[in-house]
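Each remark here refers to the structure printed beneath this line.
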Amino acid sequence: MGSEDFPEQLRLVQSFADSVDVETAQDDLDSPERFGRWLLAHGFDHPAPSEEERVLALGIRDALREELIAHHDDGDAATARAKLDAYARMVPLRAAFGDGPATLVPAGGGVAAMLGAVLAAIVIAEREGTWERVKICREETCQVAFYDRSKNHSKTWCSMGVCGNRNKTRTYRDRRRTAAPSP
């Protein structure tokens with residue numbers, strides 16, 4: 001699923017959650033250098049984050065992914081939110097009153113600005129009632145973030161045509177294998 005399926009205000013959240021590729025094991029936060037390239041690619045002029053900043057970002061990303069898994073109603077939502085809350089205490093946010101409605105904005109620069117933008121988007125989405133629609137694909141080889149646009153918020157895969165089909169085919173084959181008579 002592409003970022004076009006996400007509301008604009010949640011695209012940075014999606015990209016941050018997907019900064020690890022489960023299928024290829026590529027992780028944009030595995031070193032300060034790679035993380036710096038990810039920051040630059042996302043409009044944050046901070047090409048040399050410290051190891052401490054990288055570890056904070058990694059902790060927030062992992063807690064965020066746990067939260068998104070919990071959106072399927074079978075994850076440990078309380079534990080996921082507690083972890084996210086603990087990390088969020090380390091990121092400065094402030095209220096902003098401009099020409100439009102009041103909003104939350106990052107109070108720091110560099111990595112703190114990026115993390116603040118992610119956390120602010122989450123808070124706003126939760127207030128708007130859209131946060132529970134952001135989930136992690138249940139397909140073990142995929143696990144990308146997706147936005148559930150279904151009426152009853154029941155999607156479990158990023159794509160029925162790819163991940164849903166893989167899962168259903170695997171389940172079908174497993175059933176046939178166990179139902180096959182033994183010689």
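For the numbers below, each heavy atom of this structure counts, side chains included, while hydrogens, waters and symmetry mates do not. Predicted model only: the values in this text are computed from it and were never measured.
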Practice problem: Would you check if there is a donor-acceptor pair between the side chains of Glu52 and Ser50 at a distance under 3.5 Å? | Solution: no
Minimum heavy-atom distance [X]-[Y], with the two atoms named:
X      : Y      : result
Asp148 : Lys155 : OD2-N, 3.0 Å
Trp38  : Ser19  : NE1-CB, 3.8 Å
Ala120 : Leu93  : CB-CD2, 4.2 Å
Phe44  : Gly110 : CD2-O, 4.2 Å
Tyr147 : Phe6   : N-CE1, 3.5 Å
Arg61  : Val20  : NH1-CB, 3.6 Å

Practice problem: Evaluate the side-chain contact (heavy atoms from CB on, under 4.5 Å) criterion for residues Leu115 and Leu56: first the C-alpha distance (whole Å), next the side-chain angles of each, then the deciding distance (0.1 Å), finally the verdict. | Solution: CA-CA 9 Å; Leu115 294 173; Leu56 175 61; 3.8 Å; yes
Keeping [X] on the side-chain end and [Y] on the backbone end, is there a donor-acceptor pair under 3.5 Å?
X      : Y      : value
Asp28  : Phe35  : no
His72  : Ile136 : yes
Arg138 : Thr156 : no
Arg34  : Asp27  : yes

Practice problem: Carefully, step by step, assess Asp45 and Leu39 under the rule side-chain contact (heavy atoms from CB on, under 4.5 Å). | Solution: CA-CA 7 Å; Asp45 189 18; Leu39 287 165; over 6 Å; no
First locate atom [atom1] of [X], then atom [atom2] of [Y], and finally report the distance between them rounded to the nearest 0.5 Å.
X      : Y      : atom1 : atom2 : answer
Leu119 : Leu84  : CG    : CG    : 6.5 Å
Cys137 : Leu68  : SG    : CG    : 12.0 Å
Ile122 : Leu12  : CD1   : CG    : 9.5 Å
Glu67  : Thr79  : CD    : OG1   : 11.0 Å
Trp157 : Cys163 : CH2   : SG    : 9.5 Å
Gln143 : Asp18  : CD    : CG    : 10.5 Å

Self-check item: Partner residues of Asp85 under the side chain to side chain contact (heavy atoms under 4.5 Å, CB included) criterion, sequence neighbours left out
Solution: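 Testing Asp85 for side chain to side chain contact (heavy atoms under 4.5 Å, CB included), a comparison that skips the adjacent residues, returns Arg89.
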Practice problem: Begin from the C-alpha positions of Arg94 and Leu104 and carry the test side-chain contact (heavy atoms from CB on, under 4.5 Å) through to its verdict. | Solution: CA-CA 6 Å; Arg94 68 174 184 82; Leu104 290 174; over 6 Å; no
Side chain to side chain, [X] and [Y], heavy atoms closer than 4.5 Å:
X      : Y      : answer
Val118 : Gln14  : no
Pro92  : Pro106 : no
Thr141 : Val22  : no

Can you get from [X] to [Y] by hopping between Ile, Leu, Val, Met, Phe, Trp and Tyr side chains that sit under 4.5 Å apart?
X      : Y      : value
Val91  : Leu58  : yes
Leu10  : Ile124 : no
Val111 : Met90  : yes

Practice problem: Using the side chain to side chain donor-acceptor pair (under 3.5 Å) rule, take His42 and Ser15 through it: C-alpha gap first, then chi angles, then the decisive distance, then the call. | Solution: CA-CA 9 Å; His42 289 82; Ser15 186; 2.5 Å; yes
Quiz item: By ring pair (Phe, Tyr, Trp, His ring centres under 6.0 Å), which residues pair with Trp131, not counting sequence neighbours?
Solution: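 His71.
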Quiz prompt | Working for side-chain contact (heavy atoms from CB on, under 4.5 Å), residues Phe16 and Ile60 | solution = CA-CA 10 Å; Phe16 183 58; Ile60 290 176; 3.9 Å; yes
Quiz prompt | Set of side-chain hydrogen bond (donor to acceptor under 3.5 Å, both in side chains) partners for Glu66, sequence neighbours left out | solution =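 Partners of Glu66 by the side-chain hydrogen bond (donor to acceptor under 3.5 Å, both in side chains) criterion, ordered by chain and then number, come out as Lys83.
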Quiz item: So does Asn152 have more than 12 non-hydrogen atoms from other groups sitting under 6.0 Å from CG?
Solution: yes
Practice problem: Before accepting this row, confirm whether a basic side-chain N of the pair Glu33/Arg54 lies closer than 4.0 Å to the acidic partner's carboxylate O. | Solution: no
